[in-house]
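Each chain gets a letter, A, B and so on, in the order the sequences are listed, and its residues count up from 1.
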Amino acid sequence: MTSNDQLADLLEEFADLLDATGVEYKPRAYRRAAENVRAYPESVADLAARDDEDALDDIEGVGEAIASKLIEYVETGEIAELDELRAELPVDMAGLTSVEGVGPKTVGKLYEALGITTLDELEAAAEAGEIQEVKGFGAKTEQNILDNVDFARQAGERELLGDAYPQGQRVREYLQSVDGVVECELAGSLRRWRATIGDVDVLVASDAPEDVVDAFTNWDDADVHIEAGTSKASVRSDGVRVDLRVVVPEEFGSALQYFTGSKDHNVALRNRALDRDLKMNEYGVFDVSSEAEPASGRPTESGSGDDQRAGERIAGDTEESMYDALDLPWIPPELREDRGEIEAAENGDLPDLLGLADVRGDLHTHTVWSDGNDSVADMVAGAAAFGHEYVAITDHATGPGMVGGVGVSDDELLDQLEEVRDVAAEVEIEVFTGVEANVDAEGGISVRDEVLEELDLVVASPHVALDGDGTERLVTAAKHPEVNVIGHPTGRYLNRRPGLDVDVERLASVAADHGTALEVNANPARLDLGDEAIRAAIDAGATIAIDTDAHRPANFELLRYGVHTARRGWAEPSDVLNTWSTADVRGFIS
DNA sequence: GCCGTTTTCGGCCCGACTGTTTTCAGTCG
């Protein structure tokens with residue numbers, strides 16, 4: 001069945017092709033429809049497949065014409081009109097528009113003038129100096145294309161949080177050292193700690209914006225200079241696009257709120273403001289009740305550039321003031337996805353979110369006994385140095401998914417037990433003996449029960465057959481009396497494979513009944529379970545374990561990614577096994 | 001092509017930046 005994403009992609013291609021052929025307004029309608037189809041909570045293809053003309057009526061921006069095209073696609077696998085457009089403009093639209101500065105209209109013009117259809121042809125034309133000969137193009141545009149075409153070829157993927165976060169910290173530290181910078185914060189999806197990041201957004205408060213832009217473009221780590229004006233600039237650093245915006249200190253709070261997003265959260269807040277005769281934007285919250293024509297619901301066209309700041313400004317110097325003006329408490333960035341957080345805030349029901357300092361231990365680590373880099377003693381010392389009160393040693397067991405002799409056999413596991421106990425006797429922190437066993441395709445565990453019984457803690461993780469529905473298999477594992485934690489339940493690898501489909505509600509309710517925790521693997525390539533699954537799991541009553549899967553002591557630092565992902569899943573400290581005391585954890589796993 | 005307390009026509013979000021212009025179009029967020 002066709003996913004909403006696929007249908008939305010088709011509508012967007014439609015929009016781009018219309019745009020490239022110079023059609024007005026229709027492209028916007030198709031893009032809006034695409035956006036709403038993508039975000040629609042039910043399967044649009046299912047609705048379209050119904051023998052009901054009005055089935056698609058509820059989707060904003062989808063009218064008669066677009067609805068009939070969606071139905072045509074679901075029934076026949078094609079849209080005749082789209083095929084005609086493709087024939088008229090046979091270009092690799094997605095590839096070509098992935099070049100920074102090249103949009104649909106440019107694609108249309110270059111096809112018209114030079115017959116360019118692919119990235120390779122675009123590059124060849126630029127190298128041959130043909131592009132600057134086209135009317136409306138010049139030498140700079142041609143050079144920009146040459147500069148960006150390679151990046152466009154390799155890009156197309158969002159950056160992992162674990163790569164973007166250190167990048168963000170570096171730029172923030174640098175800007176904080178710049179003269180005239182009053183405040184500096186990361187914004188955008190990085191501040192919301194999304195698992196993947198489009199670009200790094202950084203916001204500065206300063207009365208000398210041009211000096212800040214200047215310092216930013218001269219940053220040592222800025223490899224490519226994309227653009228720079230008087231109040232904003234963009235560079236590429238280590239392959240990541242970094243966008244700077246500078247505002248005056250009085251507007252820092254409103255700008256931070258605006259640029260943190262998400263878009264959906266901000267739209268919902270803006271509507272709430274309108275209900276109160278207020279206007280909310282990146283410059284503040286304004287009382288427009290005394291403005292002319294209040295009944296029209298929109299400000300008058302004065303023609304001045306200050307329309308955005310019309311009315312009496314009642315908030316904006318801090319983020320708190322923005323929310324307060326709408327009678328809401330401040331909402332943590334991780335929750336700002338329009339997933340019910342505004343309603344919860346209104347009712348005083350916002351979760352008391354877990355913090356990094358609440359976590360007391362790590363229940364999933366590896367040593368040289370399997371594929372880790374360090375000894376049991378070094379990993380335990382690393383956990384203690386990180387500040388943990390307890391740590392579990394859970395090396396890979398041999399079995400399905402373990403290749404190249406990585407996992408330990410049952411006999412080796414028993415040998416390792418003695419070493420772990422010896423180390424444990426020498427240190428202050430609590431050390432749990434354990435294993436990361438493999439869950440086979442049927443839900444079986446790769447270590448004999450008698451051996452599992454000897455261990456304090458058993459993490460059971462899927463490492464093979466990581467596609468299709470994994471619910472029953474994981475349910476079987478979660479019911480196993482010796483299994484305490486289901487490790488990285490879906491087996492996903494961000495940007496590489498989606499992992500198992502899991503009915504989280506069902507898995508979580510079984511896990512809750514059998515005293516099994518579900519892992520949030522903090523490795524930034526995994527972040528598994530992900531935010532929405534975490535929330536579903538907690539709602540179904542399951543306990544969460546946030547573990548780093550550390551293969552060396554430095555990996556204990558990855559905990560932050562797991563904690564913030566759990567915050568995105570509305571997790572409170574009590575939901576998380578490894579915020580509990582040593583005695584309580586012992587109680588849970590015994 | 002969509003939409004409506006402006007309701008069957010006439011609008012459609014908008015500001016910053018760049019590169020090409022000689023007053024503006026295209027891209028981006």
Qualifying residues under side chain to side chain donor-acceptor pair (under 3.5 Å), relative to A:Tyr258, sequence neighbours excluded: none
Distance in angstrom units between A:Ile197 CD1 and B:dG29 C1', rounded: 15 Å
Would you say A:Ser234 reaches B:dC28's phosphate, i.e. side-chain N/O to OP1/OP2 under 4.0 Å? no
Donor-acceptor contacts under 3.5 Å from residues 63-75 of chain A side chains, at least two apart:
residue : atom : partner : partner atom : Å
A:Ser68 : OG   : A:Ala65 : O            : 2.9
A:Lys69 : NZ   : A:Tyr30 : OH           : 3.2
A:Glu72 : OE2  : A:Ala80 : N            : 2.8

Which whole number of Å gives the distance between the P atom of B:dT20 and that of B:dA25? 16 Å
Send over the distance from A:Gln132 CD to B:dT21 P, rounded to a whole Å. 11 Å
Got a sec, which residues hit side chain to side chain donor-acceptor pair (under 3.5 Å) with A:Asn266, two or more places apart in sequence or on another chain? A:Gln257
So, using side chain to side chain donor-acceptor pair (under 3.5 Å) as the criterion, who are the partners of A:Glu341 when residues are at least two apart? A:His265
Could you work out the separation of B:dT6 and B:dC12 based on their C1' atoms and round it to a whole Å? 13 Å
With a sphere of 6.0 Å drawn around CD of A:Glu112, does it hold more than 12 non-hydrogen atoms of other residues, nucleotides or ligands? no
Could you list all the salt bridge (charged side-chain N to carboxylate O under 4.0 Å, His left out) pairs where at least one residue sits in residues 254-270 of chain A, not counting sequence neighbours? A:Glu35-A:Lys263
Under 3.5 Å: donor-acceptor pair, side chain of A:Arg50, backbone of A:Ala55: no
Considering only distance and modelled atom types, tabulate donor-acceptor pairs under 3.5 Å from the side chains of residues 160-167 of chain A, sequence neighbours left out.
residue  : atom : partner  : partner atom : Å
A:Gln167 : OE1  : A:Arg170 : NH2          : 2.9
A:Gln167 : NE2  : A:Ser237 : O            : 2.8
A:Gln167 : NE2  : A:Ser237 : OG           : 2.7

Contact nearer the 5' end of DNA chain B, comparing A:Ala65 with A:Gly136: A:Ala65
Taking the same atom, C1', in B:dT5 and in B:dG1, what whole-Å distance lies between them? 23 Å
Kindly write out the residues that satisfy side chain to side chain donor-acceptor pair (under 3.5 Å) with A:Asn271, not counting sequence neighbours, or none if the list is empty. none
Both conditions, 6.0 Å and 45 degrees, for the charged tip of A:Arg236 above the ring of A:Phe151: are they met here? yes
Both A:Lys140 and A:Ala29 contact DNA chain B. Taking the nearest nucleotide for each, which residue is further toward the 5' end? A:Ala29
Name the nucleic acid region contacted by A:Lys69, choosing base, sugar-phosphate or nothing; use a 4.0 angstrom heavy-atom cut-off, strictly under. sugar-phosphate
At 4.0 Å (heavy atoms only), tell me whether A:Asp201 reaches a base, stays on the sugar-phosphate, or touches nothing. nothing
Of the listed B:dG1, B:dC13, B:dT27, the closest approach to the A:Lys105 side chain comes from B:dT27
Does a nitrogen or oxygen in the side chain of A:Arg28 sit under 4.0 Å from OP1 or OP2 of B:dC2? no
Provide the Watson-Crick or G-U wobble partner of B:dC3, both distances under 3.5 Å; none if there is no partner. B:dG10
When rounded to the nearest Å, what value does the distance between C1' atoms of B:dG15 and B:dG10 take? 24 Å
Under 4.0 Å between a side-chain N/O of A:Thr141 and OP1 or OP2 of B:dT20, yes or no? yes
Residue pair A:Ala20 / A:Pro104: nearest heavy atoms and the distance that separates them: CB-O, 3.1 Å
When you measure from every atom of DNA chain B, which of residues 218-232 of chain A have a heavy atom less than 4.0 Å away? A:Glu227, A:Ala228, A:Gly229, A:Thr230, A:Ser231, A:Lys232
Contacts to DNA chain B from residues 32-45 of chain A, heavy-atom cutoff under 4.0 Å, which residues? A:Arg32
All heavy atoms of A:Pro27 vs all of A:Leu18, minimum pair found to be CG-CB, 4.0 Å
Whole angstrom value for the distance that separates C1' of B:dT20 from CD1 of A:Ile145: 13 Å
Can you pull out every salt bridge (charged side-chain N to carboxylate O under 4.0 Å, His left out) where at least one residue sits in residues 174-195 of chain A? Sequence neighbours excluded, please. A:Arg172-A:Glu185, A:Arg191-A:Glu319, A:Arg192-A:Glu337
Value in whole Å for how far the P atom of B:dT18 lies from CG of A:Asn144: 10 Å
Could you state the OH-C1' distance from A:Tyr283 to B:dA16, rounded to the nearest angstrom? 9 Å
With rounding to the closest Å, how many angstrom separate the P atoms on B:dC13 and B:dC17? 22 Å
The complete set of salt bridge (charged side-chain N to carboxylate O under 4.0 Å, His left out) pairs with one or both residues in residues 128-140 of chain A, sequence neighbours excluded, reads none
To the side chain of A:Pro104, which of B:dG19, B:dG1, B:dT27 is closest? B:dT27
Within this structure, what is the CG-to-C1' distance between A:Leu274 and B:dC13, rounded to whole angstrom? 13 Å
Please report the distance, rounded to the nearest Å, between CD in A:Glu72 and C1' in B:dG1. 16 Å
Considering only side-chain heavy atoms of A:Arg241, which listed nucleotide, B:dA16, B:dG29, B:dG1, is closest? B:dG29
Using a 4.0 Å heavy-atom cut-off, does A:Phe259 contact any base of the nucleic acid, only the sugar-phosphate backbone, or nothing at all? nothing
Within residues 9-26 of chain A, which residues have any heavy atom lying less than 4.0 Å from an atom of DNA chain B? A:Tyr25, A:Lys26
Starting at CD of A:Glu81 and ending at C1' of B:dG1, how long is that distance when rounded to a whole Å? 11 Å
With a 4.0 Å cut-off on heavy atoms, is A:Val99 in touch with a base, just the backbone sugar-phosphate, or nothing at all? sugar-phosphate
Base, sugar-phosphate, or nothing for A:Lys263, non-hydrogen atoms under 4.0 angstrom? nothing
